[in-house]
Student: 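Input: one structure, supplied below.
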Amino acid sequence: KDVQKEREPHVHLSKEEVKEKIQSYNSSVTDKLKMTLNANGIYTGFIKVQMELCRPITVQSSQSQGRCDHSNNETAFYLPDGCINTLHISSTNTVREVIEALLKKFFVADNPAKFALYKRCHKEDQVYTCKLSDREHPLYLRLVAGPRTEMLSFVLREHETGEVMWEAFSIPELQNFLRILDKEENEQLQILKKRYAAYRDKLEEALGGVWKPG
């Protein structure tokens, strides 16, 4: 089970310290996702974000990109568990910008304010999680922790608000949620019908064997 961890303070690194850490980072990389230091001191690199979403997301088709109105080109569905996405970002990108870029990359039409980015760390057989503030810089956290995801990984979740704030969703989103629930209900109903039909057949078969003349 995840344990909430207090946010660690951001330590300012000099340009020389950043250069040394990037060299150390790149020497430990095993997946070719290295960092690059630019002349202006800004560095770029990759982070992987695991999607752990409990509610369905609304995806917009490429034909309707840029429109403000909701249309039939929007579809709501659940993301599969363990879905991981890779983003190329810079050291100046904030958590909020990373969330917006991640949603834009996959044409997610939901409001970015509904989501939060967490960091997950492993220490002494315990898993710690900490919600990141909108102004933190994920690539800096990646650089300091090193490339090993067991030392640090990023997770996208919905905001933990207790009960779902349904008023924050648009009418088309709510309608899509209802369609998903209806579909899941029908699927479960068909599974139950098949299960009990098979059970009934076995009972009738057993009864026929008992009463069959010898």
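These numbers were taken from a predicted model, which means no experiment stands behind them. We use all heavy atoms of the structure for the numbers below, so side chains are in, but hydrogens, waters and symmetry mates are not. In this chain, numbering begins with 1 at the start of the sequence shown.
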Student: Quick one: NZ on K21 to OG on S14, what's the gap to the nearest 0.5 Å?
Tutor: 10.5 Å
Student: For T94 and D134, which heavy atoms make the closest approach, and how far apart are they?
Tutor: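 The answer is CB-O, 3.2 Å.
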Student: Which pair of heavy atoms, one from Y140 and one from Y43, lies closest together, and at what distance?
Tutor: CA-OH, 3.5 Å
Student: Does NZ in K183 sit with more than 12 non-hydrogen atoms of other residues, nucleotides or ligands closer than 6.0 Å?
Tutor: no
Student: Minimum heavy-atom separation for K131 to A116, with atom names?
Tutor: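 Smallest heavy-atom distance, with atoms named: CE-CB, 3.8 Å.
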Student: Looking only at non-hydrogen atoms, find the nearest pair between N93 and H137 and report the distance.
Tutor: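 Shortest heavy-atom contact: O-CD2, 3.4 Å.
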Student: In sequence, state the C-alpha distance, the side-chain angles, and the governing distance for V49 and I84, and then conclude on side chain to side chain contact (heavy atoms under 4.5 Å, CB included).
Tutor: CA-CA 5 Å; V49 182; I84 297 178; over 6 Å; no
Student: Do you know which two heavy atoms are closest between K48 and F154, and how far apart they sit?
Tutor: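 That closest heavy-atom pairing would be O-CB, 3.7 Å.
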Student: Would you say V127 and C121 make side-chain contact, with heavy atoms under 4.5 Å?
Tutor: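 The answer is no; the side chains never approach within 4.5 Å.
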Student: Testing E52, M51, Q50 for side chain to side chain contact (heavy atoms under 4.5 Å, CB included) with C83, which one passes?
Tutor: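 With C83 as partner, E52, M51, Q50 yield a single side chain to side chain contact (heavy atoms under 4.5 Å, CB included), made by M51.
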Student: Nearest 0.5 Å please: distance from the OG1 atom of T44 over to the CG atom of L37.
Tutor: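 Going from the OG1 atom of T44 to the CG atom of L37 covers 9.0 Å.
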Student: Hey, which of L33, L152, I89 is the one that makes side chain to side chain contact (heavy atoms under 4.5 Å, CB included) with R142?
Tutor: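 Output: one option passes, namely L152.
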Student: Would you call L53 and E158 a side-chain contact if the rule is heavy atoms closer than 4.5 Å?
Tutor: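 When only atoms from C-beta onward are counted, E158 and L53 do touch, with a gap below 4.5 Å.
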Student: Supply the atom-to-atom distance L102 CG to T86 OG1, rounded to the nearest 0.5 angstrom.
Tutor: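 Taking CG in L102 and OG1 in T86, the distance rounds to 10.0 Å.
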Student: Any idea which heavy atoms bring S90 and L139 closest together, and the distance?
Tutor: C-CD2, 3.6 Å
Student: Looking at Y118, does the NZ or CZ of R157 lie under 6.0 angstrom from its six-membered ring centre and within 45 degrees of the ring axis?
Tutor: yes
Student: Report yes if some heavy atom in the side chain of V95 is under 4.5 Å from a heavy atom in the side chain of P138; otherwise report no.
Tutor: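 Of all side-chain heavy-atom pairs linking P138 with V95, at least one is under 4.5 Å.
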Student: Is there side-chain contact between L87 and K105, with heavy atoms separated by less than 4.5 Å?
Tutor: yes
Student: I'd like to know if the side chain of R96 reaches the main chain of P112, judged simply by a donor and an acceptor atom lying under 3.5 Å from each other, with no hydrogens or angles considered.
Tutor: yes
Student: Drop me the distance from L178's CG to E185's CD, to the nearest 0.5 angstrom.
Tutor: 11.0 Å
Student: Any side-chain heavy-atom pair from I22 and K19 closer than 4.5 angstrom?
Tutor: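 Not touching, per the 4.5 Å side-chain cut-off.
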Student: Is it true that a side-chain atom of Q23 and a backbone atom of E20 form a donor plus acceptor pair closer than 3.5 Å?
Tutor: no
Student: Apply side chain to side chain contact (heavy atoms under 4.5 Å, CB included) to the pair I191 and Q188, showing each step before the final yes or no.
Tutor: CA-CA 5 Å; I191 291 173; Q188 291 299 318; 4.2 Å; yes
Student: Roughly how far, to the nearest 0.5 Å, is OG of S24 from CG of L143?
Tutor: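 These two atoms lie 9.0 Å from each other.
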Student: Can you list everything that forms a side-chain hydrogen bond (donor to acceptor under 3.5 Å, both in side chains) with N85? Sequence neighbours excluded, please.
Tutor: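 Partners of N85 under the side-chain hydrogen bond (donor to acceptor under 3.5 Å, both in side chains) test: none.
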Student: For the atom pair OG1 (T58) and CG (N111), what is the distance rounded to the nearest 0.5 Å?
Tutor: 11.0 Å
Student: Is there a path from I99 to F46 through hydrophobic residues (I, L, V, M, F, W, Y) whose side chains come within less than 4.5 Å of each other?
Tutor: no
